[in-house]
Amino acid sequence: MRIVQKYGGSSMGSVERIGLVAARIARSHAQGHSIVVVVSAMQGETDRLLKLAAQLSPRPRDREIDVLLATGEQVSIALLALALREKGIDARSFLGHQVRILTDNVHGSARIQTIDAAPVQECLDRGEVVVVAGFQGVDQDGNITTLGRGGSDLSAVAMAAAIAADACEIYSDVDGIYTTDPAICSRARKIDRIWAEEMLELASLGAKVLQARSVEFALKHKVTICCKSTFDDGDGSWVIPQTVTMGGEAMQGLEGAVVTGIACDRQTARFSVSGILNRPGAAAALFRPLAQDAINVDVIIQTAPQDGYCELSFTVPQVSARRTAELLESLRPTMGFGQVRLAENVAKVSIVGAGMRSQPGVALRAFEALGDAGIDIELISTSEIKISLVVDDRFTEAAVRVLHDAFELHAVGR
Ligand code: ASP
Ligand code: MG
């Protein structure tokens, strides 16, 4: 088989751990698999480098920051290749530009455009193990770029697509994908199989196992991901992109459940703007400056107009709250709305499941469960396969547990 194995920062946390990673790769190699390894920087390294840069410059999206951050992964590939060679395996390390992971030129969150798989292929044909630096690429002019935090997951999935791998294994210190964060809910259960579209929602809504963009890429390019632990031999969790042949099966969760998982994002702030004159273009006028500032607005709710006025509520990442407040104030003279209310500590708790498509009453069940637990819901937003509820952050953990119980996620197939 052709396998891409990605090892994250925690797996590369020390020379001892790199030794364990090398042993694991050696075992797969001995089984006759063709292996491309993608690695992250050693644990804490990217943060350390960012802190250094912050002492000298406040600019986060600078070309030089990417030059700096890319060094973290360079150290990892070299150490791992050395460890593999000590085990008698022909291993060769590659930086992003050496395998031509070509990206656009957006420093700090570049998008992968193409990968030239030929040099990798040549190594694989010779029976070598290829070790590629995650998180980095190169733009058309030869500048080093990085793919955004957690971007090694994306490098791995893109590499798997480029070499038409049978699977992309993502190794970390957890043994798979859980129904919710086990640190919040002790009844959280490891999921064996999940649809990529469900995983994409969970990752976008706060689950940390996989970077959302990597799942989006996997969905689009039909890459099957398996999340596993570096430190045990469990089967992990499979993230399966839907194929045409699956047809109706995809309407349901892979384990027969209506709700597959619960994610929460606690770094959220809520704004409510009242007294907005309800005329065409009002919402556009309000959100335009936020979009221009790249502020990620989510859960937008507008009330029905009353006497010509309406109210708009929405959430933004907590880090953008202050900037959002400033931008809204700057609009006041031209738009003339009423009060702007900000709740800085709210959380977005989301339930996700492909089975929701075919099952009515899911939202009601969630509302009843939270109601019975005395938890106020501040905003609600739904899509085909998810329901997001904004609650005061004091209630986050309780809300997650209550919903986990209400949908019996501790048991398979409810
Ligand atoms: N080293 C990068 C980060 O810490 C990329 C990664 O680990 O995936 O975000
Ligand atoms: Mg990661």
Side-chain angles (χ1 to χ4, degrees), residues 4-14 17-18 21 36-54 60-62 65-80 93-97 99 101 103 106-112 131-138 144-160 168-178 181 183 199-200 202-218 223 225-231 236-237 239 263 265 267 317 319:
V4 171
Q5 296 188 343
K6 181 255 168 177
Y7 293 91
S10 61
S11 308
M12 301 293 292
S14 62
R17 290 195 165 189
I18 294 176
V21 167
V36 175
V37 184
V38 174
V39 291
S40 292
M42 293 173 78
Q43 191 160 36
E45 179 63 6
T46 308
D47 288 330
R48 187 185 74 85
L49 295 168
L50 276 171
K51 275 192 203 121
L52 284 180
R61 297 197 177 277
D62 200 277
I65 302 272
D66 282 355
V67 174
L68 176 71
L69 294 188
T71 62
E73 274 70 13
Q74 177 161 356
V75 170
S76 293
I77 53 170
L79 289 177
L80 180 58
S93 66
F94 287 90
L95 290 165
H97 74 88
V99 273
I101 299 182
T103 70
V106 183
H107 289 289
S109 57
R111 285 193 173 267
I112 296 180
V131 183
V132 179
F135 179 54
Q136 55 178 266
V138 64
I144 293 174
T145 54
T146 63
L147 311 176
R149 297 308 303 269
S152 297
D153 292 348
L154 176 59
S155 309
V157 173
M159 191 50 83
C168 179
E169 300 176 343
I170 308 254
Y171 288 89
S172 69
D173 52 2
V174 292
D175 62 352
I177 297 160
Y178 279 73
D181 183 352
M199 193 57 228
L200 176 56
L202 288 171
S204 312
L205 294 164
K208 303 220 166 51
V209 240
L210 285 171
Q211 188 217 29
R213 274 168 73 181
S214 72
V215 186
E216 197 183 350
F217 198 101
V223 175
I225 297 175
C226 186
C227 293
K228 292 180 168 200
S229 163
T230 308
F231 310 109
S237 302
V239 183
D265 179 355
Q267 316 300 318
V319 288

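Remember, predicted model here, so these are calculated numbers, not experimental data. Ligands are counted one by one from 1 in listed order, and the atoms in each one are counted from 1 as well.
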Nearest heavy-atom approach of Leu80 to Val37 is CD2-CG1, 3.8 Å

Is there a salt bridge (charged side-chain N to carboxylate O under 4.0 Å, His left out) between Glu45 and Arg48 once you walk through the steps?
CA-CA 5 Å; Glu45 179 63 6; Arg48 187 185 74 85; 3.0 Å; yes

Under 4.0 Å from one or more heavy atoms of Arg149, ligand 1 contributes atoms 3 (C), 4 (O), 9 (O)

Closest heavy-atom pair, Arg149 versus Gln211, reported as atoms and distance to 0.1 Å, is O-NE2, 3.5 Å

Shortest non-hydrogen pair, Lys6 vs Ser152, comes out as CE-CB, 3.6 Å

Please determine whether any non-hydrogen atom of Gly9 lies less than 4.0 Å from an atom of ligand 1. no

With heavy atoms and a 4.0 Å threshold, my read on which part of Glu73 contacts ligand 1 is side chain

Of Gly150, Ser172, Ser40, the residue with the heavy atom nearest atom 7 (O) of ligand 1 is Ser40

Here the gap from Asp153 atom CG to Ser40 atom OG, rounded to the nearest 0.5 Å, amounts to 7.0 Å

* Asked: Judging by distance only, is a nitrogen or oxygen of Ser152 under 3.5 angstrom from one on ligand 1?
  -> yes

